[in-house]
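Accompanying notes for the structure given below.
These numbers were taken from a predicted model, which means no experiment stands behind them. Order of listing sets the numbers, starting from 1, for every ligand and every atom in it.
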Amino acid sequence: MNAAPKDQLGRPMRDLRISVTDRCNFRCSYCMPAEIFGESYKFLPKPDILTFEEIERIARAAVRCGVTKLRLTGGEPLLRTDLARLIERLAPIEGVKDLSLTTNAYLLAGLAGSLKDAGLQRVTVSLDSLDEPTFKTMNGRRAGLAPVLAGIEAAERVGLSPVKINCVVKRGVNDHTIVDLARHFRGTDTIVRFIEFMDVGNLNGWRLDDVVSQKEILASIGAEFPLIPVPPNYAGEVATRHRYTDGKGEIGVIASVTKPFCGACSRARLSPEGKLVTCLFASDGFDMRALVRDGKTDDELTQAIQKLWGARVDRYSEQRTGQTPGTRKLEMYHLGG
Ligand code: SAM
Ligand code: SF4
Ligand code: SF4
């Protein structure tokens, strides 16, 4: 069997997103609404969660199948104890060209140095608004901005760069603050990527009407700071790129609702309990943990991934309708972004 398989639509597997925990210190309404994920919510028990050794074995098998980029995510990955020890295991894997982390950055200021020393290359920080009341509402925990901004600064200081900022735009919630966010990072090396609110999971009450489209986002920012489109950095780049005409940098837009990009989707995802998932909108994944805990060899792990990827036909965003479908999907906080 081909070591680096292509799926049924001819797409290779290049990225593996590893969700290291299903827990989070925030309760963003579009991801883990506080009214559902309250104090009594049962997260995964520790024995169910992959150990660092198990994650490393699965990551190595994925790299043998063609993966070159690893991203740690969650839940909030910085809540996983000793995350730097996992990074130390993943960074030296031959064939890994890019090792990054997506975080809400609330705990980043104190950890950035040790993550960098362990081998992390860069971070993406989720930051939905620089307006304190809006930010507090969106994160669902009334958490303030200061620790997040300190985390971004620390990341830049230690060289976890270029830092990218992810901003999910939800109509009537933070769309009035996106121009300010763009303005704040204009003229710096930090690229803000605005994300259309997606119908991930089953719990965030998604409605098409709440999606602020790429077109609207570009019109708002472009009215103040004229923009021109720029070609992608590489085939399959998720965000479309738009440069300020006065040379003060660029922004990105991830338009997974209005301009789906399934055609070049090369991403697989590993859930905290070891399910390998071939689409963000899947209803289940393949149980890699069972193979690992059953004593399967590295070759057997590789073959299982090859078989799974080889059969892949996912293209959910290209088939989406205005309604969240009745089928139950995995949750974003569980699967990672
Ligand atoms: N807790 C970390 C964070 O927020 O960066 C990592 C996990 S979070 C699930 C990963 C990314 O998914 C974040 O940038 C978040 O904004 C994005 N996300 C979560 N729910 C979303 C939704 N419904 N639509 C679009 N993006 C979403
Ligand atoms: Fe937590 Fe990230 Fe989901 Fe917000 S988007 S609730 S920070 S996992
Ligand atoms: Fe990839 Fe699925 Fe998203 Fe399409 S909907 S881009 S296949 S993760």
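For ligand 1, the polar-atom distance check against M198 finds a nitrogen or oxygen pair separated by under 3.5 Å. At least one N or O atom of G75, backbone or side chain, sits closer than 3.5 Å to an N or O atom of ligand 1. Considering backbone and side-chain N/O atoms, E76 comes within less than 3.5 Å of an N/O atom of ligand 1.
Scanning P77, G140, C31 for the heavy atom closest to atom 3 (Fe) of ligand 2 points to C31.
Interface of C31 with ligand 1, defined as ligand atoms under 4.0 Å from a residue heavy atom, comprises 19 (C), 20 (N). Close contacts between ligand 1 and G74 involve ligand atoms 7 (C), 9 (C) [criterion: under 4.0 Å to a heavy atom]. Applying the 4.0 Å criterion to heavy atoms of F197 picks out, from ligand 1, the atoms 23 (N), 24 (N). Listed by atom number, the atoms of ligand 2 under 4.0 Å from N104 heavy atoms are 7 (S). In the vicinity of S126, heavy-atom distances shorter than 4.0 Å reach the ligand 1 atoms 3 (C), 4 (O), 5 (O), 13 (C), 14 (O). For ligand 3, the atoms sitting less than 4.0 Å from at least one non-hydrogen atom of F261 are 6 (S), numbered in the order shown with element in parentheses. Listed by number with element, the atoms of ligand 1 under 4.0 angstrom from any heavy atom of N166 are 14 (O). Atoms of ligand 1 found under 4.0 Å from any heavy atom of N104 (numbered from 1 in listed order, with element): 2 (C), 3 (C), 5 (O). Listed by number with element, the atoms of ligand 3 under 4.0 Å from a non-hydrogen atom of F281 are 5 (S). Proximity to T73 (heavy-atom distance under 4.0 Å) selects the following atoms of ligand 1: 6 (C), 7 (C). Applying the 4.0 Å criterion to heavy atoms of Y316 picks out, from ligand 3, the atoms 5 (S). Close approach of ligand 3 to S317 is summarised as follows: ligand atoms under 4.0 Å from at least one heavy atom of the residue are 5 (S). Atoms of ligand 1 found under 4.0 Å from any heavy atom of I195, numbered from 1 in the order shown, are 25 (C), 26 (N).
Across all non-hydrogen atoms, the minimal contact from A155 to V123 is CB-CG2, 3.7 Å. Heavy-atom minimum distance, S19 versus G74: OG-CA, 3.4 Å. In terms of heavy atoms, L44 sits closest to R23 at O-NH2, 3.4 Å. Residues I87 and P92 share a closest heavy-atom pair of O-CD, 4.4 Å.
Among the candidates R293, R60, R89, R289, the single residue satisfying the salt bridge (charged side-chain N to carboxylate O under 4.0 Å, His left out) test with E54 is R293. For the pairing with L107, the side-chain contact (heavy atoms from CB on, under 4.5 Å) check across V148, L78, L83 returns one residue only, L78.
The protein heavy-atom contact nearest to atom 4 (Fe) of ligand 2 is C28 SG, 2.3 Å. Nearest protein neighbour of atom 8 (S) of ligand 3, counting heavy atoms only, is L280 N, 3.3 Å. The nearest heavy-atom contact from the protein to atom 1 (Fe) of ligand 2 is C24 SG, 2.3 Å. Of all protein heavy atoms, the one closest to atom 7 (S) of ligand 3 is D314 O, 3.6 Å. Here the heavy atom of the protein found nearest to atom 2 (Fe) of ligand 3 is C279 SG, 2.3 Å.
Residue contacts with ligand 2: G75 is included, with a non-hydrogen atom under 4.0 Å away.
Taking the six-membered ring for Trp and thresholds of 30 and 60 degrees, F43 and F37 have nearly parallel ring planes, at less than 30 degrees apart. A parallel orientation is assigned to the rings of Y316 and F281, their planes being inclined by less than 30° (bins at 30° and 60°).
For N204, every heavy-atom contact with ligand 1 shorter than 4.0 Å involves the side chain, none the backbone. Using a 4.0 Å cut-off between heavy atoms, R267 contacts ligand 3 through its side chain alone, with no backbone atom that close.
Stacking of R186 on the aromatic ring of Y244 is recorded, both the 6.0 Å distance cut-off and the 45° axial limit being met.
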(message) Please evaluate residues R141 and N25 with respect to the criterion side-chain hydrogen bond (donor to acceptor under 3.5 Å, both in side chains), reporting the C-alpha separation (whole Å), side-chain torsions for both, the decisive distance (0.1 Å), and the verdict.
(response) CA-CA 8 Å; R141 279 273 166 93; N25 43 359; over 6 Å; no

(request) Assess whether side-chain hydrogen bond (donor to acceptor under 3.5 Å, both in side chains) is satisfied between E76 and N104, documenting all intermediate values. (result) CA-CA 7 Å; E76 175 45 45; N104 62 32; 3.3 Å; yes

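No side-chain donor from either of E56 and T51 sits under 3.5 Å from a side-chain acceptor of the other. Between the side chains of T21 and R80, not a single donor N or O lies within less than 3.5 Å of an accepting N or O.
Within 6.0 Å of CZ on R183 lie more than 12 heavy atoms contributed by other residues, nucleotides or ligands.
Residues L276 and L308 meet the side-chain proximity criterion, which asks for heavy atoms closer than 4.5 Å.
At a cut-off of 2.8 Å, C265 is counted among the residues with an N, O or S atom near atom 1 (Fe) of ligand 3.
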